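Values in this document were obtained by computation on a predicted structure and should not be read as measured data.
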Amino acid sequence: MPGVPELFSWEFATDPYPAYAWLRQHAPVHRTKLPSGVEAWLVTRYADAKQTLADHRLSKNPAHHDEPAHAKGKTGIPGERKAELMTHLLNIDPPDHTRLRRLVSKAFTPRRVAEFAPRVQELTDGLIDGFAQKGSADLIHEFAFPLPIYAICDLLGVPREDQDDFRDWAGMMIRHQGGPRGGVARSVKKMRGYLADLIHRKREALPIEPALGEDLISGLIRASDHGEHLTENEAAAMAFILLFAGFETTVNLIGNGTYALLTHPEQRARLQASLAAGETGLLETGVEELLRYDGPVELATWRFATQPLTIGGQQIAAGDPVLVVLAAADRDPERFADSDVLDLARRDNQHLGYGHGIHYCLGAPLARLEGQTALATLLTRLPDLRLAADPAELRWRGGLIMRGLRTLPVEFTPTPR
């Protein structure tokens, strides 16, 4: 199609929103070749996106992909197939999806997440303590990245002495995105080996009755030993995807959110005044708006048509991959007034940042807690926080699904511990 903007270049990664606006207007359901060589449909309008995310004719199982078998490895997390980590919530459909989701959903109830809030605050303060005296920091590597890693490790039940290994493997995953897939695959393999060993050790030591606030891996083992038929591969895959899906999204929520606040001083000042007055309302609506405005997940994960269907007037063939562009849908002016404006007080904000339908993000309550705690604590403890680089110099990671900064250098008045 003439006039189609270039997609997936480094320039595009810096600011994809003008290209997405063009697609929404001229080619709302657009077939394109991705950097991996796979061809897929991009869905960019809000109404189409919401409908597509809930369409049962679109499967999450890569077995429905029409490409030759050798190409299927290009559509998921590198290395997950070889590491036998495919049977997780992002790759399966009902009834298996329903069964597995039910098993882990109790770890993410609002009550359980609320009980975890003091630990998230403790982690947040500890990380800020680590750089507050310096007067400068890279907020991605020193704050946004380690916070969700340690939080999800605590939830899963990874012993504290092993959590730095997890941090290293997760760092490898992030660093290699958009480049050679081998580095990610090696980290996935190491994580798989560790999880298999940890599941084995926890099974050996599992008490007869669950303790109050039992960790998630112990809960998965208990379920598999009490008639829920959870295989060891399923338990390992579930722990893996909770870590993989649970940490990088939150890294980007904190990173993108902080960047948006630092580049919108009026909005940031409103939020700081609200926090100083002891209010939480603007913080809560503000985090939702940051998710809508420049969220951590640019494209929803892969879906494959199980039969011919029509999306937005476009014919989709059976076997075709379909990618919903959440970043485009959440800036659709047909759904959101002043859609390109950041308004922390926005009330009518049914954004798609956590997805929609049966695959709605299981960890949304935890992500909200981490995002709210991180931003409120940063702005309160480092009130004169400012960018230490020209926005044009910042680089965004070049992955397909996630949207996040490589680094976020900041300065502030040093504060003693």
Kindly compute the distance separating CZ (R346) from OG1 (T285), expressed to the nearest 0.5 Å.
10.5 Å
For K134, is the NZ atom crowded, meaning more than 12 foreign heavy atoms sit under 6.0 Å from it?
yes
Compute whether any side-chain donor of one residue and acceptor of the other, for D138 and T407, lie under 3.5 angstrom apart.
no
Nearest 0.5 Å, please: how far is NE2 in H264 from CZ in R270?
12.5 Å
With side chain to side chain contact (heavy atoms under 4.5 Å, CB included) as the test, would you mind laying out the steps for Q314 and V43 before giving the verdict?
CA-CA 10 Å; Q314 191 68 250; V43 179; over 6 Å; no
Please tell me if the side chains of T14 and L394 come closer than 4.5 Å, counting only heavy atoms from C-beta onward.
no
Interatomic distance, L58 atom CG to F304 atom CZ [nearest 0.5 angstrom]
10.5 Å
Residues Y150 and R167: side-chain donor-acceptor under 3.5 angstrom
yes
So, S218 versus D215: side-chain donor-acceptor pair below 3.5 Å or not?
yes
How about K190: does its NZ atom have over 12 heavy atoms from other parts shown lying under 6.0 Å from it?
no
Answer yes or no for R331 and Y20: cation-pi contact, defined as NZ/CZ to six-membered ring centre under 6.0 Å and angle to ring axis within 45°.
no
CA sep, side-chain torsions, deciding dist, call: R386, L262, side chain to side chain contact (heavy atoms under 4.5 Å, CB included):
CA-CA 6 Å; R386 56 196 177 274; L262 294 180; 5.5 Å; no
Take L375 and V287 through the side chain to side chain contact (heavy atoms under 4.5 Å, CB included) test and state the conclusion after the steps.
CA-CA 9 Å; L375 293 172; V287 167; 4.1 Å; yes
Distance-only polar pair, side chains of Y17 and D294, donor-acceptor under 3.5 Å
yes
Using the ring of W10 (Phe, Tyr or Trp, six-membered ring only), decide whether R395 places NZ or CZ under 6.0 Å from its centre and within 45 degrees of its axis.
no
Are Q121 and T377 side-chain neighbours, meaning at least one heavy-atom pair lies under 4.5 Å?
yes
Side chain to side chain contact (heavy atoms under 4.5 Å, CB included) between L385 and L139, worked out:
CA-CA 11 Å; L385 189 71; L139 281 187; 4.2 Å; yes
Roughly how far, to the nearest 0.5 Å, is OG of S274 from CG of L344?
9.5 Å
T250 and E370: side chain donor to acceptor below 3.5 Å
yes
